[in-house]
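First up is the structure itself, then whatever we jot down about it.
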Amino acid sequence: AQTIHQWPVAEIKAVGSPLSLGCTIKGKSSPNLYWYWQATGGTLQQLFYSITVGQVESVVQLNLSASRPKDDQFILSTEKLLLSHSGFYLCAWSSDWGGEQYFGPGTRLTVL
Amino acid sequence: GDSVTQTEGQVALSEEDFLTIHCNYSASGYPTLFWYVQYPGEGPQLLFRASRDKEKGSSRGFEATYDKGTTSFHLRKASVQESDSAVYYCALSVSNTNKVVFGTGTRLQVLP
């Protein structure tokens, strides 16, 4: 069975500080990977997707970047956090191009 | 562009009531449609998907039929339970892309 793990569970950071969030998928070879952002009470906004190691596509610009250093790992980062980065960050994977997605437990980010 | 419209932001029902959440979409290609459910503090979970006209998806007593003519994928359940209280998202992915668009979500509250 596939499992998806996100870290950290929650972060409280200062405006202007750097950020790195991680996601690992076990039990699935060569998954499509995704990052989403969800404002409190809001919908899910797709940020990035990746279909293979080293290749990441940006869907929306939010002063964030993503990388896929290994087949089972997806990293979301920024050099300087903004207040608007607060929210819930979700990693997801799928088997198929545009198929159903399986979400991780999420990371709650608060920027002060 | 590709979009999903959920007309109900919040729905409050009593147990055993009938549920309908409306979902209409606009897609530039051939979409696959999804319903996801999200419980507080968790990532969304897939309920079901449909990718062909008149295809019906169902799970846990919920069902929806893909209607290409009316560009709709309305979620229905004959008899809701308190445990169904959650946020429900309609989503679409467009063929030949890895982009997924979520609706704004419908918060369902079922009172005992």
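Residue numbers begin at 1 in each chain, while the letters A, B, ... track the order of the sequences.
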Inset, instruction - Sort by residue number and list every member of residues 82-92 of chain A having a non-hydrogen atom under 4.5 Å from chain B. - result: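 The stretch touches chain B at A:Phe88, A:Leu90.
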Inset, instruction - Give a yes-or-no answer on whether the side chains of A:Thr43 and B:Thr104 include a donor-acceptor pair shorter than 3.5 Å. - result: no
Legend entry - Exercise: do B:Thr5 and B:Asn24 side chains pair donor with acceptor under 3.5 Å: no
Inset, instruction - Verify the cluster assignment for B:Val37 and B:Phe18: are they in a single hydrophobic cluster under the rule of side-chain heavy atoms below 4.5 Å apart? - result: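 As far as the 4.5 Å side-chain criterion goes, B:Phe18 and B:Val37 are not connected within one cluster.
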Legend entry - Contacting region of A:Ile4 [heavy-atom separation from chain B under 4.5 Å]: neither
Legend entry - Interface moiety of A:Gln6 toward chain B, non-hydrogen atoms closer than 4.5 Å: neither
Legend entry - Main-chain N/O of A:Gln73 paired to A:Thr24 side chain as donor or acceptor, under 3.5 Å: no
Inset, instruction - Please state whether the rings of A:Tyr36 and A:Phe103 are parallel, tilted or perpendicular, taking 30° and 60° as the class boundaries. - result: tilted
Inset, instruction - Just say parallel, tilted or perpendicular for the rings of A:His5 and A:Trp7, cut-offs at 30° and 60°. - result: parallel
Inset, instruction - Using a cut-off of 6.0 Å, state whether more than 12 heavy atoms not belonging to B:Lys54 lie near its atom NZ. - result: yes
Legend entry - A:Lys28 atom NZ, over 12 foreign heavy atoms within 6.0 Å: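 Buried by this count: over 12 neighbours within 6.0 Å.
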Inset, instruction - Tell me, for B:Gln38 versus chain A, whether the close heavy atoms (under 4.5 Å) come from the side chain, the backbone, both or neither. - result: side chain
Inset, instruction - Sort by residue number and list every member of residues 44-53 of chain B having a non-hydrogen atom under 4.5 Å from chain A. - result: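 The residues closer than 4.5 Å to chain A, in numerical order, are B:Pro44, B:Leu46, B:Arg49.
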Inset, instruction - For the pair B:Asp84 and B:Lys77, find out whether any cationic side-chain nitrogen is under 4.0 Å from an anionic carboxylate oxygen. - result: yes
Inset, instruction - With B:Thr106 as reference, evaluate B:Gln10, B:His22, B:Gln6 under the side-chain hydrogen bond (donor to acceptor under 3.5 Å, both in side chains) test and give the passing residue. - result: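 The passing option is B:Gln6.
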Inset, instruction - In sequence, state the C-alpha distance, the side-chain angles, and the governing distance for A:Phe74 and A:Phe48, and then conclude on ring-ring contact (aromatic ring centres under 6.0 Å, His included). - result: CA-CA 10 Å; A:Phe74 206 18; A:Phe48 300 94; 7.3 Å; no
Legend entry - Greatest number of heavy atom pairs closer than 4.5 Å to chain B - which of A:Gly41, A:Gly104, A:Pro105, A:Ser94: A:Pro105
